[in-house]
Amino acid sequence: KDKRRCILSNRVNNSYLSLPVRGVQVKADQVLGKCEWWRHTVGQGGVNSQPWPTNVVQGIAKLRPKLIRIFLPEFFNVYPDHDQFDWSRLDPYMDALEETGAKIVASINLKPKVLFPVIDHSLWMPNNVAEWQRLMAALVQRYSVERPLVTYWEIGNETDIGENGGAPYLIPDPDDYLKFYQMTIKPIVEVFPAAKVGGPAACWIDNEPLVGFVERCLRDHVRLDFISWHRYNDNPEQHVLGVEKAKQRLAGFSPRPEMLYTEWGPQFTYIRDSIDLHLSPHPQHISVEELAFAPYRAALVATTLIGMLDAGLDWSFYYHTWDQCFYPEEFRPFFSETGLNLMHEHWNENPHRFGLFGVEGEVRPHYFVYDMLSRLGEDRLAAETDDPALHALATRDAGRVSVMLANFGLVSSHDLVAQLNVTFPNPGEKQLTVYRLDEGRHWSSDTMELIPVECRTVVTLAQYRCQVLMPANSVALVQLANHW
């Protein structure tokens, strides 16, 4: 038995010893500027009208978000009849969001039947513009003035694809969208002049109506406080590309409107190798629960966040916070049968499992990427790695250096050991703590707290080295704090 244990121990040791070691250089004495990690936050999709459950509210509150982006779909039924308002469904929804301490970016997707009696996502002009504007004024009065929650009003959602994006407006023509936008923002800024208004929440930065809309706002001096766009992709470079393209599109403005990436996330992930004989003969898209807990997604999120911080994006909103069940009857008054079937397929049959929390409120690994982000300091430090799959974000605050590492690459991700080489301006006794997201699930689901994989007292000199295991598609947070 002793010999067998010795052989097994040697195998384990050799497996670590055979891993490549990659350097991470961190200069704790070289501040690059402020690390505004809080610019990267979360959103909630318009899948159903249920308010966030208590554990989701508490979990998001721990992240200290400054902004959260939400949908305001017609299923809240705030305008059931002419000159009648009913806030009974929307108030509890907003109550839960308010408990997080964040302000709100609200995407307007209301489409009351009294103003839009025909169900058709290509119909965007209400039958009574003045009445539509009274509705907008009442909405803003309630949630920006009486309750100072919403600070950004986004006009529409994925107006380039309409119901395919879970929203009731299809307005691909930039001239049409400009009319819809101006008609809608007029009462908003009259009631709440401090509001920030923008759109069109297009599926990509190159899509209409975004391109032509931005050009027309510049040409005609139309108020535009921000532009917004979306993308789902597994390549972090594609998310960063959107930021660079947005800067180019806004180059003629002074001051430049803000850039809001109001939905982003991983590519829709399916297993595509089955045929359901009960349906039309085509590969059936399937999503298994294990996809939600695969560390790949957390590593993708962390790598993308680092890239967007580098690119100088104003705000990003990961889609989304809490996965939900789709109730067709909530959408039936304003969605076509085609749209209902698509939503049913996306959220009941083939759930994407994007949420930081699952349908029943279970916490997922990518929640802890944002938890790691919220633990970073205010000052960003110079940091670089010598492996294209290894990405580093380093900060410092009072007596603590923090380094977030992500081992992710579309073709280059591999198991490795990261060797941190830290240059310290204040040598001395410190507490070294390492957290890691990998297959091991090192967290408490009950408390939503990360569990360290390493914690020990060290003494640092002007140069300090330590090594951290980084399996492929893992994320780690390494902290060195003064031992007072």
Pick out which of K66, R256, K196 makes a salt bridge (charged side-chain N to carboxylate O under 4.0 Å, His left out) with D314.
R256

Side-chain contact, heavy-atom cut-off 4.5 Å: L72 with Y143?
no

Would you say that W322 contacts I60 through its side chain, given a criterion of any heavy-atom pair below 4.5 Å between the two side chains?
no

Step by step, would you call W38 with R64 a side-chain contact (heavy atoms from CB on, under 4.5 Å)?
CA-CA 8 Å; W38 41 264; R64 294 176 287 139; over 6 Å; no

Do Q44 and L97 come within less than 4.5 Å of each other through their side chains, counting heavy atoms only?
no

L63 backbone acceptor or donor facing S374 side chain under 3.5 Å:
no

Tell me the salt bridge (Lys or Arg N to Asp or Glu O under 4.0 Å) pairs involving residues 144-153, sequence neighbours left out?
D91-R147, D95-R147, E98-R147

Any carboxylate oxygen within less than 4.0 angstrom of a Lys/Arg side-chain nitrogen, looking at D206 and R249?
yes

What about W315 and H40, are their ring centers closer than 6.0 Å?
no

Donor-acceptor check, side chain of T395 to backbone of L376, threshold 3.5 angstrom: yes or no?
no

R231 with E237: basic N within carboxylate O range, under 4.0 Å:
no

Apply the test side-chain contact (heavy atoms from CB on, under 4.5 Å) to residues V369 and Y318: give CA-CA distance (whole Å), side-chain angles for both, the deciding distance (0.1 Å), then the verdict.
CA-CA 11 Å; V369 173; Y318 176 80; over 6 Å; no

With K430 as the cation and Y464 as the aromatic partner, state whether NZ or CZ is under 6.0 Å from the six-membered ring centre and within 45° of the axis.
no

Side chain to side chain donor-acceptor pair (under 3.5 Å) filter on E330, not counting sequence neighbours, yields S49

Holding to ring pair (Phe, Tyr, Trp, His ring centres under 6.0 Å), I want the full list of residues that pass it with F368, two or more places apart in sequence or in another chain.
W443

